[in-house]
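Owing to the predicted nature of the structure, the values given are computational and were not obtained by experimental measurement. Side-chain atoms are counted along with the backbone in the values below, which use heavy atoms only and exclude waters and symmetry mates. Just follow the structure's listing: the first ligand is 1, and inside any ligand the first atom is 1.
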Amino acid sequence: MSLKVTRRKFLQTASLAAASVPLAKVVSAENGFVRKPFTPPGSSAGTTTVTGGICEMCFWRCQLVGKVRDKKLVKLEGNPKSIDNGTAICARGNAGIKLLYDPDRLKYPMKNVGERGNPKWKRISWEEALDECAAKLKAVEEKYGPHGIAMFPHGASAKYPMHFFERAVGTHNVSEASFFQCRGIRDTAYVSTFNTAPGEHVDMANAKAILLIGCHFGENVHVSHLKRYLKGLENGAKLVVVDPRYSASAAKSDIWVQIKPGTDTAFLLAIMNYLIENNKYDKKFVAAHCDGFEEFQKGISHASLDWAAQICDIPASQIKEVAELLAANAPNVSIHPGRHVSWHGNDFQRLRAHACLTALLGAIGVKGGFVKPKGPKVKGISWAKGHHDGAHNLKEMADKYHFAPPGTPTELIRDACITGKPYPIKGCVIWGQNPMQTIPKPQKTVEALKQMDFVMCVDVMPTDITMYADILLPEASYLERYDYIKKGTQWNFADKHEQFISARMPLVEAMFERKDEVWITNELAKRMGHADKIPVNSLEEKVEKELASAGLSIAQLKKEDGIHIQPGKDPYGVSEDFEVLLYNEDIEDSGYPGVPTYIPVEEVPKGFARLVYGRSPVHTFNRSQNNVWLYNAMPVNPVWLNDESANKMGLKDGDEVSMVNSEGVKSTFTSVVKVTPGIRKDTVYMAHGYGSKNPMLTVGKGAGIDDQALITKIAIDPETGCSGMRNNFVKLVKSGKALDIPA
Ligand SMILES: Nc1nc2c(c(=O)[nH]1)N[C@H]1C(S)=C(S)[C@@H](COP(=O)(O)OP(=O)(O)OC[C@H]3O[C@@H](n4cnc5c(=O)[nH]c(N)nc54)[C@H](O)[C@@H]3O)O[C@H]1N2
Ligand SMILES: Nc1nc2c(c(=O)[nH]1)N[C@H]1C(S)=C(S)[C@@H](COP(=O)(O)OP(=O)(O)OC[C@H]3O[C@@H](n4cnc5c(=O)[nH]c(N)nc54)[C@H](O)[C@@H]3O)O[C@H]1N2
Ligand code: SF4
Ligand SMILES: [Mo]
């Protein structure tokens with residue numbers, strides 16, 4: 001391996017340099033004789049640096065190097081060659097080795113000889129496991145058709161098997177958490193406005209003002225994105241944070257808008273109406289690129305500052321202040337599109353408003369604005385598109401959710417499972433998703449799973465969903481396999497126009513009987529009669545072919561320290577035909593408001609507070625809960641409660657509490673109260689992902705409260721079918737007594 005490092009990087013990566021000192025040449029200065037080197041504990045002697053790692057402790061996928069000693073990975077670092085995350089990785093990325101060597105990890109294929117939900121595991125061979133999975137899934141396919149199989153995938157390794165089930169087997173019934181419980185609404189709302197999915201492509205590093213609506217950077221951690229945000233702040237960008245809670249971002253803001261949850265669309269409409277009424281919008285941009293301005297202007301003309309102030313429970317003067325600040329810094333403003341946006345079931349309209357505000361400010365294709373970086377092209381290799389039984393597309397059969405992201409809305413799948421209508425779904429494949437903690441109303445997931453003829457689960461850890469598998473298959477982790485092509489541009493894409501291509505390569509060999517996604521999927525495919533359609537014979541071959549499409553190879557990438565860098569393109573500018581649909585006729589024709597519209601959400605009942613949730617800075621959802629380093633960093637998820645309310649309720653900081661929701665559902669475990677003025681009285685907050693129930697998790701089981709278990713009412717977004725999860729109401733329970741939360 002040859003890492004070419006600059007002098008500065010050399011200093012930053014001291015351990016790497018130490019590793020490369022030839023030991024035999026450690027010579028005593030005094031007498032010139034060669035001493036046996038002393039290796040103090042924790043020294044890097046004997047350590048080699050392996051490049052090509054790509055993190056998947058979360059889905060941002062930072063570029064890594066691994067320090068390997070005696071074939072064991074002892075440390076992870078950012079790849080010094082990276083022009084994305086650079087040498088930086090976050091706490092979770094760093095703790096990846098604790099996932100790799102977690103003694104609780106899945107090691108062998110296992111068969112559940114107990115019940116779903118209350119399993120007894122028997123170790124079986126891969127041969128037996130694959131034969132049984134294939135036979136059971138094939139039986140479902142033959143009896144009910146391919147659409148009798150549902151799949152819940154997430155993550156890099158789930159794409160290849162997902163394409164197998166969608167394209168070769170032919171089921172539509174695939175629901176990715178990243179779409180239906182996360183960002184799908186954003187993508188289709190922006191496509192309906194800008195004709196492009198936004199990613200998180202805001203040029204915050206070069207912005208004069210940044211508007212974050214419910215994004216809480218610092219707790220939500222994606223390294224290169226944080227770099228952009230912090231660079232912008234360092235350069236003096238004004239920061240407006242809209243959040244009912246004093247989040248890590250609110251703490252850095254110039255204006256903190258302590259909004260009433262669910263009302264953000266009203267806030268955005270009032271800003272836009274104010275900009276139009278006061279001639280503070282970008283008339284040139286609107287004339288050149290926007291369609292439907294008149295309908296739009298008319299449609300939002302009711303949205304006065306006072307109207308929104310009342311709805312949002314914030315001062316009208318503050319809305320005006322934000323509008324003025326945005327106008328004063330336009331067009332160099334980042335209106336962040338958000339990422340986890342499935343909130344209240346009125347979210348498509350809110351995300352359309354994000355996009356429209358961006359356009360009114362002319363903040364597209366300019367420094368600091370919405371700018372799509374121009375990354376390199378690499379062709380993905382997967383199952384050929386083909387066989388798809390369109391007649392059984394649940395979305396079309398229901399004639400609903402015309403703006404749904406790709407796949408099938410989760411609720412349509414679960415409803416079909418439970419009712420058998422419009423057809424039965426009797427086989428289930430879960431790959432890298434934990435629906436028990438990811439999809440609201442977990443009781444419904446249990447009901448859907450219990451009626452299945454067969455449930456197969458592929459994971460790296462035992463989790464709350466793996467308890468429902470009939471056959472549980474152990475996958476090699478992201479540190480032990482090839483797979484993902486990570487490509488993109490320099491993190492601050494304005495600064496230098498450079499692009500990169502990298503591929504995930506194993507840092508160590510897979511242990512026990514863990515296998516990768518291509519091997520598992522192909523073995524299933526052969527047994528299910530789809531051998532002729534197999535696109536590649538191994539994951540390594542898949543990566544090799546994908547790299548070849550960009551004129552690269554694995555060997556070449558290894559020579560280049562895991563990352564190929566090439567000249568990039570200037571991302572700025574807007575093409576003449578770029579069109580913004582302020583008013584969208586298709587949306588109107590489909591029966592929804594064509595101009596962004598505020599749709600009120602259910603009010604908080606007396607004695608309760610609205611449960612909202614978000615990221616723990618040191619965990620990724622539930623997946624990292626058994627990671628001992630991360631567990632130690634934040635063992636439970638404190639419940640944020642307004643200080644005045646706490647006082648009236650007789651609760652002190654650190655008191656142990658559990659929770660009960662307005663439908664009487666109780667949390668299984670407890671957490672502690674965090675008493676703070678930094679949250680509204682009508683809202684309680686906690687980090688998502690805690691409260692695991694699987695007894696095989698010897699570290700994470702029973703730690704904290706599972707928000708998802710308390711989210712038993714789902715607010716379906718009517719345009720997209722995505723799951724709104726912030727319309728549930730809770731009380732805190734202390735010593736067995738449910739305490740009313742004062743209004
Ligand atoms: N209540 C509530 N619900 C939410 C959210 C929330 O904040 N609150 N957030 C939503 C969002 S934004 C998202 S993106 C989703 C995330 O939803 P999920 O992706 O379901 O969340 P994870 O907890 O990461 O669970 C993923 C599963 O993948 C497994 N896994 C990890 N690595 C691998 C691997 O390499 N291979 C395989 N086969 N499995 C692996 C983990 O052990 C875990 O069982 O949740 C959504 N749901
Ligand atoms: N450390 C860490 N970082 C992560 C992840 C992780 O698991 N761990 N997951 C990654 C993924 S997949 C995603 S999608 C992103 C998600 O990250 P974000 O998009 O930032 O989403 P959340 O964490 O759900 O956001 C929660 C914030 O929204 C606020 N909020 C609640 N209700 C409302 C409301 O009605 N209006 C407004 N304005 N604010 C509200 C909450 O108080 C909280 O501060 O994070 C990514 N980064
Ligand atoms: S942000 Fe952290 S967890 Fe996510 S990929 Fe990067 S280092 Fe890994
Ligand atoms: Mo997400």
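- In this model, a donor atom of one side chain and an acceptor atom of the other lie less than 3.5 Å apart for Asn622 and Ser692.
- The shell of residues lying under 4.0 angstrom from ligand 2, judged by heavy atoms, includes His344.
- In terms of polar-atom proximity, defined here as any N/O pair under 3.5 Å, Thr263 makes no such contact with ligand 2.
- Numbered from 1 in the order shown, with element, the atoms of ligand 2 that lie under 4.0 Å from a heavy atom of Pro617 read 1 (N).
- The shortest N or O to N or O distance between Ser247 and ligand 2 is not below 3.5 Å.
- In this structure, His688 has its ring center at least 6.0 angstrom away from the ring center of His340.
- Sorted by chain then number, the residues whose non-hydrogen atoms approach ligand 1 to under 4.0 Å are His154, Ser157, Ala177, Gln181, Cys182, His340, Trp431, Gly432, Gln433, Asn434, Gln437, Thr438, Val458, Asp459, Val460, Met461, Thr463, Glu475, Arg481, Tyr613, Arg615, Phe621, Asn622, Arg623, His688, Asp707, Gln708, Ile711, Met725.
- Using a 4.0 Å cut-off to heavy atoms of Glu219, the atoms of ligand 2 that qualify are 1 (N), 2 (C), 3 (N).
- Checked by distance only, ligand 2 and Val618 stay at 3.5 Å or farther apart across all their nitrogen or oxygen atoms.
- Contact record, Pro617 with Val221: O-CG2, 4.2 Å, taken as the closest heavy-atom pair.
- Checked by atom type, the side-chain pair Thr445/Arg414 shows a donor-acceptor distance below 3.5 Å.
- Cation-pi geometry between Arg350 and Trp343 is met: the NZ or CZ atom falls under 6.0 Å from the ring centre, inside 45° of the normal.
- The atoms of ligand 2 that sit less than 4.0 Å from any heavy atom of Pro261 are 34 (C), 35 (O).
- In summary, the atoms of ligand 2 found under 4.0 Å from a heavy atom of Cys215, numbered by their order in the structure, are 20 (O).
- Using a 4.0 Å cutoff on heavy atoms, Lys260 does not count as a contact of ligand 2.
- Here is the list of ligand 2 atoms found below 4.0 Å of a heavy atom in Val242: 37 (C), 38 (N), 39 (N).
- Ligand 2 has no N or O atom lying under 3.5 Å from any N or O atom of Gly338, backbone or side chain.
- A cation-pi arrangement is absent between Lys159 and Trp431, since the terminal nitrogen or guanidinium carbon is not both under 6.0 Å from the aromatic centre and inside a 45° cone about the axis.
- Aromatic pair Phe179/His154: ring centres not closer than 6.0 Å.
- A donor-acceptor pair shorter than 3.5 Å can be found between the side chains of Ser723 and Gln181.
- Tested against Ile213 for a side chain to side chain contact (heavy atoms under 4.5 Å, CB included), the candidates Leu268, Asp243, Val341 yield a single pass: Leu268.
- Only one option out of Phe512, Tyr108, Trp519 pairs with Trp126 in a ring-ring contact (aromatic ring centres under 6.0 Å, His included); it is Trp519.
- For Tyr229, the ring pair (Phe, Tyr, Trp, His ring centres under 6.0 Å) partners are Phe217, not counting sequence neighbours.
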